[in-house]
Colleague: 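Below you'll find the structure I mean.
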Amino acid sequence: MPSLSPRPAHTNRRGPLATPAEVAEYLGVPVKTLYQWKYRGIGPNVHKVGRHLRYRWAEVDAWLNAQAAYDLAV
C-alpha cells in the first residue's frame with residue numbers, strides 16, 4: 001500500500017514558492033485535485049504571481065498540519 005504522507009526529502013531543496021505540480025507531488029495528489037481544492041476553497045492557500053499560481057511552502061505545511069486534526073484514530 002503506498003504511503004499517503006508527504007515526501008520530506010524535498011524540504012531541503014525547495015525554494016520559498018512552489019508550482020502546483022511541485023505541491024501535488026509533495027502531497028501525493030493529482031494537480032487537478034489542487035485546482036478543485038482551490039475552486040472549493042478547501043486546499044492550501046494559493047497565490048497568483050502574474051498569471052501563474054504559486055504556493056508558499058510554509059502555508060502548504062501549515063495546511064497539512066491542520067489536516068492532521070481530522071485523522072481517524074487507528
Side-chain angles (χ1 to χ4, degrees):
M1 176 180 234
S3 173
L4 298 178
S5 63
R7 297 167 186 92
H10 295 294
T11 58
N12 60 352
R13 297 188 322 233
R14 63 189 191 187
L17 296 178
T19 65
E22 291 171 327
V23 173
E25 180 183 350
Y26 177 68
L27 296 176
V29 299
V31 173
K32 185 175 179 180
T33 298
L34 288 179
Y35 293 142
Q36 290 172 350
W37 288 348
K38 178 187 178 303
Y39 177 78
R40 295 170 61 193
I42 61 172
N45 199 17
V46 63
H47 305 276
K48 285 199 77 160
V49 179
R51 62 185 180 121
H52 304 283
L53 295 178
R54 294 293 181 261
Y55 293 84
R56 288 187 176 126
W57 282 116
E59 293 175 345
V60 172
D61 289 334
W63 175 84
L64 186 60
N65 289 336
Q67 302 313 299
Y70 298 106
D71 287 347
L72 299 176
V74 177

Colleague: Scan Val46, Leu17, Asn45 and name whichever one has a side chain to side chain contact (heavy atoms under 4.5 Å, CB included) with Arg56.
Modeller: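 Answer after filtering Val46, Leu17, Asn45: Leu17.
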Colleague: Could you give the distance from CG (Leu27) to OH (Tyr55), rounded to the nearest 0.5 Å?
Modeller: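 Going from the CG atom of Leu27 to the OH atom of Tyr55 covers 9.0 Å.
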Colleague: Could you measure the distance from the CZ atom of Arg54 to the CD atom of Glu22? Nearest 0.5 Å is fine.
Modeller: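 Result: 8.0 Å between the selected atoms.
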Colleague: Please give me the minimum heavy-atom distance between Ala24 and Leu34, naming the atom from each residue.
Modeller: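 Scanning both residues completely, I find the closest heavy atoms to be N-CD1, 3.6 Å.
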Colleague: Can you see which heavy atom on Pro44 is nearest to which on Trp37, and at what distance?
Modeller: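 Minimum heavy-atom contact is CD-CE3, 4.0 Å.
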Colleague: Give, for atom NE2 of His47 and atom CG of Leu53, the distance between the pair rounded to the nearest 0.5 Å.
Modeller: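 The NE2 atom of His47 sits 10.5 Å away from the CG atom of Leu53.
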Colleague: How many angstroms lie between atom OG1 of Thr33 and atom NZ of Lys38, to the nearest 0.5 angstrom?
Modeller: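 The NZ atom of Lys38 is 15.0 Å from OG1 of Thr33, to the nearest 0.5 Å.
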Colleague: Is it possible for you to say whether Val23 and Tyr39 belong to one hydrophobic cluster, with membership spreading through side-chain heavy-atom contacts below 4.5 Å?
Modeller: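 They do not share one cluster, since no chain of ILVMFWY contacts under 4.5 Å joins Val23 to Tyr39.
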Colleague: Trp57 vs Tyr26 aromatic rings, parallel, tilted or perpendicular, using cut-offs 30° and 60°?
Modeller: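 Correct class here is perpendicular.
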